[in-house]
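Sequence lines set the chain letters: A, B, ... in the order given, protein chains first and strands last, and positions in each chain run from 1.
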Amino acid sequence: MLKSWKLKEIVLLAILSVVFAVVYLAFVHVGNLWAGLIGPIAYEWIFGIWFIVSIIAAYIIRRPGAAFLSEVLAATIEMMIGNAIGPRIILVGIIQGLGAEAAFAVTSYKRYDLWVLMLAGFGAAATSFAYTYVMGGLAALSPTYVATMFALRATSGMIIAGLGGKILSDLLLRTGALEGYAIARQGRVHG
Amino acid sequence: MVEAEQLSFRYPEKQSKVLTDITLQLTAGRTLITGASGSGKSTLFSLLNRLYPENCDGIVTGKLYLFDRSYDTYAAGEVNRRVGTVFQDPDSQFVMQTVEEELIFTLENFAVARDEMMTRVATILAELQLTDYRDRVIHDLSGGEKQQIAVACALIGKPEWLLLDEPLAHLDPETSTRFVQWLDNVAQTVNVVIIEHRPFLWGGFFDREVELVNGRINYDGPFVARPDYTFSPVEVTKGNVFLFHVPQLNKKTFNLASSKLTVAEGDLIAVLGRNGSGKSTWLKSLAREHQEVGLVPQSPAHLFITSDVSRELAYGHNRPIGDIMNRLGLGPFRNDHPLSLSHGQKRRLAIGVMMLSNKRLIAFDEPTAGQDEVSLRALYELMVERIRAGQTVLFVTHDLSFARIANTYYLMHEGYLSGPYDASLWNETELLQAHGLLLEES
Amino acid sequence: MTFQEMNPTIKFMTVTLLMFGLAFMYNPWTPLAVFIGTLILQILFSNVNWKRWGLFMVPFLFTALGTLWTTLVFGKETSGEVMFTLFGNDVTVENVILAATLSLRVLAFTALSLLFTLTTDPKRFVYSLMQQGKLSPKIAYSVFVGFRFFPILKHELMQLYETHALRGVRLETRLDHIRHVPNLIIPLLAGSIRQAERIAFSMEARGFTGEPRATYEVVAITRNDFLLASLLIVLFGVSVWIGI
Ligand SMILES: Nc1ncnc2c1ncn2[C@@H]1O[C@H](COP(=O)(O)OP(=O)(O)OP(=O)(O)O)[C@@H](O)[C@H]1O
Ligand SMILES: Nc1ncnc2c1ncn2[C@@H]1O[C@H](COP(=O)(O)OP(=O)(O)OP(=O)(O)O)[C@@H](O)[C@H]1O
Ligand SMILES: [Mg+2]
Ligand SMILES: [Mg+2]
C-alpha cells in the first residue's frame, strides 16, 4: 500500500498523528474525570475529536489508507505517551480508522468534499460505537440510553471530525504549507 | 554524472520558469556554480539529487540524465547513495536527534556492516575535528556547527559526488580556511559541485565554473579567479549614548557571561567571533531583554508571520515599502509567499522588515550569509541610511570584507564579549588570531 | 529477567492477548485476580515508579466508579430478586455482579496496560516492531521523526511567541499569553508541516529508500521473553479458573 506514497507524505502522516495523539490524550483525561460523574455518556458528544486525524490526513494526502493509518498511528503513539488504556487503544484506532476509511473507499478516493468528510466522521462513529457496545458491555444498558449515546456520537463525529477537520485543513492550506500535497494540487486544477 | 539538455523547470504555484533551457554536462572534477541570489542555483541542485520534481510537483521539460539514466527512472533515495548533498539551510537538514545517531542513520541507509559503523563515525568526526560534538543534540548547535555536521553526514557515506550549497556561508574565517584545505584533500577521490558567492575564499580550488543568470546558463568554462569585493568604513556621527545590559545565561554545554553594551545613536557596530562562541545566543538575549532592540535572527524565516512579501513588509506600520522592496530585489516577488523565496531572498526580506521598524537598535544575525555582491551593496546603503536617521545598527558576520564597514567592533569568545574596539583592531594580529578571524595569507 | 528488558513486540502481543481474553469473562473474580496478579508480577519483575503508576491509575479509578454506578442505575431490566432500589431502578443480584465485573475489568485493563507502558521505551518498541514485526521502515522512521517533534513543537511555540513580540504583538500578562494561543495554533501546525517536509527531504538526501536496511540497534529475542510471556499467560489461566 505504501509503495506509491512519497516519503514526505508518510512523514506528514506521522507528524499529524503525533500532534493529535497529544490532543487525544488531553481529551481522554478531560473525559475520564467527567465520566466518573455521569458515566460513559460523558464522552459521547466530544467523541468526534478522536476521529479528526483520519479526516485531516485523508483530506490532505488523498491516498487510500491515509485515514486508517493516521488513526492507528495516533492511537499507538497515544498509548506510548501514556494512555493507560494501553494496547487496546490501538484496536480502537484500527476500528475507528476503518470506519473513516470506508467513507473514502465508497467514493473510490475521488471525492473530498464536506459531505464525504462528514460521512467519514459518521463512519468512524459507527464502527467505534459497535466496539464500545461489545467491549463496554452496553447490552447491559437500556436501549433508549444506548440509542442516545449513539446519536450523540454520530453527530459529534460529523461535526467535530468532519466539519472541524475540513476547517482546520483549509486554514492550513492558506498558510502555503501544504503546497506539494494533493490538497493543493486539487485547488490548482480548478484554478 | 549529469547530462541535461534543454532542461526547464517551474514550481507549480508560480507562473514563470525558474530554470530555462539548461544544457549542461557535469563531468568529474571540481565545478563551481555561481549566479545572483534567486537565479535558481539551489533549485538546480534539488533536480540533480532528484528531490525535485517529484517532491514539489514541479514541472520539468527537457532531458535530465543522472549517471546515464533518466531522472524519472530512479526510486526515491536511490541516486542519493551516490550523490551526497549539503543543503543551504543549516536548520533543516537533519533527521535524528544527536550527531552520532544522525551519522549512524546515514550508514544504515548505505547498508554498512554493523561492526564497521562506529569506526566510520569516529573517523569522519576526527577528520573534521568534530569529535567533541559526537553526543550533542543537533538542535542545540550553532549555525556553523550544524553546517559542519551536515558535511560530515554527506561524506560519511563515501559518495561519488558531493553537492555543497554555500558550505562556507555560516563558517567563521578560520574554520572555512581549514575546510577548504581539507576538502582539497577529499576531492582527490570525490567529485564536487559547489555553489558559492565568494569564490575568492577557495583560491585555486576549482577547475570549472558555471554561471546562472535568471535561470539560464550564462557562462560555462574554465574557472577564472577574481579578487574579493571590498567595502570601506562608513563615517558615523554619534548621538546620545545609552546602555544595554545582557544577563548571564547558562545552558547545558555553554555559558554566556553577562555583558554591558554602551551604544551611541547613529553608530554602526559589528560583532565577530568563532562558530559556537555565543554570538547568536547573546543577540537573542539582548533582544529578549530590551524592547527597543529589533532582531533579524540567523534563520530569518522565523520572523515571518504573513503569507505574502508585501504584506510582510507592511505589517504593523504605515510607512511606504516600495522603495525598500525594490532595492532588496524583492519587487518581482511581492505576491509570493515569504517561505517560497530563495535563501538569499528570505534573508533580504527579513532585513527589509527590520529596516522598516523604528527600533532604536536594529540587530542583524549574519545578514551577509549567502548574499551576492549586489545585495551586499544594497544592504550597505540601507544600513547607512538607518544610522543617518539616528538609529543604531549592529550586525554579526563572518564576512571580513563586509565587516570593514563598521565603526565599532566587539569580539565574542567562549561566551565572553569584549570591546569596544575601533578599526585599529584589524592590525592586532594576535587578537584576530585568538578569535578565529585571520584568513590564511592569500 | 525484567519487563524492561523483555522484547517489546512479544510483550505487546502477550498483554493484548490477555486483554482480549478478559473481555469475554463475565464474572468479577477473573478481572480481580488478573489485576492483583499483574501487580505482583510487576513488583517482582520490574522497578515500578509507583508515583507515576498512581498518576496514570487515578483517572481510570474514576472511570471504574462511573461504570459501576451507570451500570447500576441504567442497567437493563433483569428478572431475579431485587436487592435494593437506586434512583428508581430496581437493582438485582445479576445487575450488581455485572456492574462489579465491568468496573473491575476497567481496573484490570489499566493494570495490564501500565505493565506495558511503564516498562517500554517507545524507540525500542518501534525498532522491535521493525525487526520482528516487519513494520515498514518508512513508517518506523517517520514515527521516530514524530517523536523528535515533541521538543520541536515546544521550541517552535516559544519561537512564535518571540517572533510575535519582535513584530510588535504585546503580551503583558499571563492571561494575554493564553488568549493569544489560538492565533498561534495554525502557524504552529503550518511550521511543523514545513519542518516535516524538510526532514523528509533530508532522509531522502541521505539515501533513505524505505527498503529493508542495516540497523545499528538490534532488539533481540531471548529465552527470558518467552518465560515472562508464559508467566502472564499462566496468570490468566489461573484467574479464569478462579472465576469458575
Ligand atoms: N519551494 C519553492 N516554491 C516556489 N518557488 C520557489 C521555491 N524555492 C525557490 N523558489 C523560487 O525560485 C527562484 C530560485 O530560487 P533558488 O532557491 O533556486 O535560488 P538560488 O539561486 O539558490 O538563490 P540564493 O543564492 O538566494 O540561495 C526564486 O525566485 C525563488 O523565489
Ligand atoms: N539550547 C541550547 N542548549 C545547549 N547548548 C546550546 C543551545 N543553544 C546553543 N548552544 C551552544 O552554545 C554555543 C553558542 O551558540 P551560538 O548559536 O550562540 O553560537 P554563534 O556564535 O552564533 O555561532 P555561529 O557563528 O556558528 O552561528 C554553541 O556551542 C552551541 O552549541
Ligand atoms: Mg540557494
Ligand atoms: Mg550564530
Interatomic spacing from [atom1] in [X] to [atom2] in [Y] - rounded to 0.5 Å:
| X | Y | atom1 | atom2 | answer |
| --- | --- | --- | --- | --- |
| B:L51 | A:L7 | CG | CG | 10.0 Å |
| B:E54 | A:K8 | CD | NZ | 9.0 Å |
| B:K14 | A:E179 | NZ | CD | 9.5 Å |

Assess whether atom [atom1] of [X] is packed by more than 12 heavy atoms of other residues, nucleotides or ligands within 6.0 Å.
| X | atom1 | result |
| --- | --- | --- |
| B:R136 | CZ | yes |
| B:N214 | CG | no |
| A:F122 | CZ | no |
| B:R114 | CZ | yes |

### Query
Does A:K6 reach the main-chain N or O of B:N55 with its side chain, forming a donor-acceptor pair under 3.5 Å?
no
### Shortest non-hydrogen contact from A:G176 toward B:H337
CA-CD2, 4.2 Å
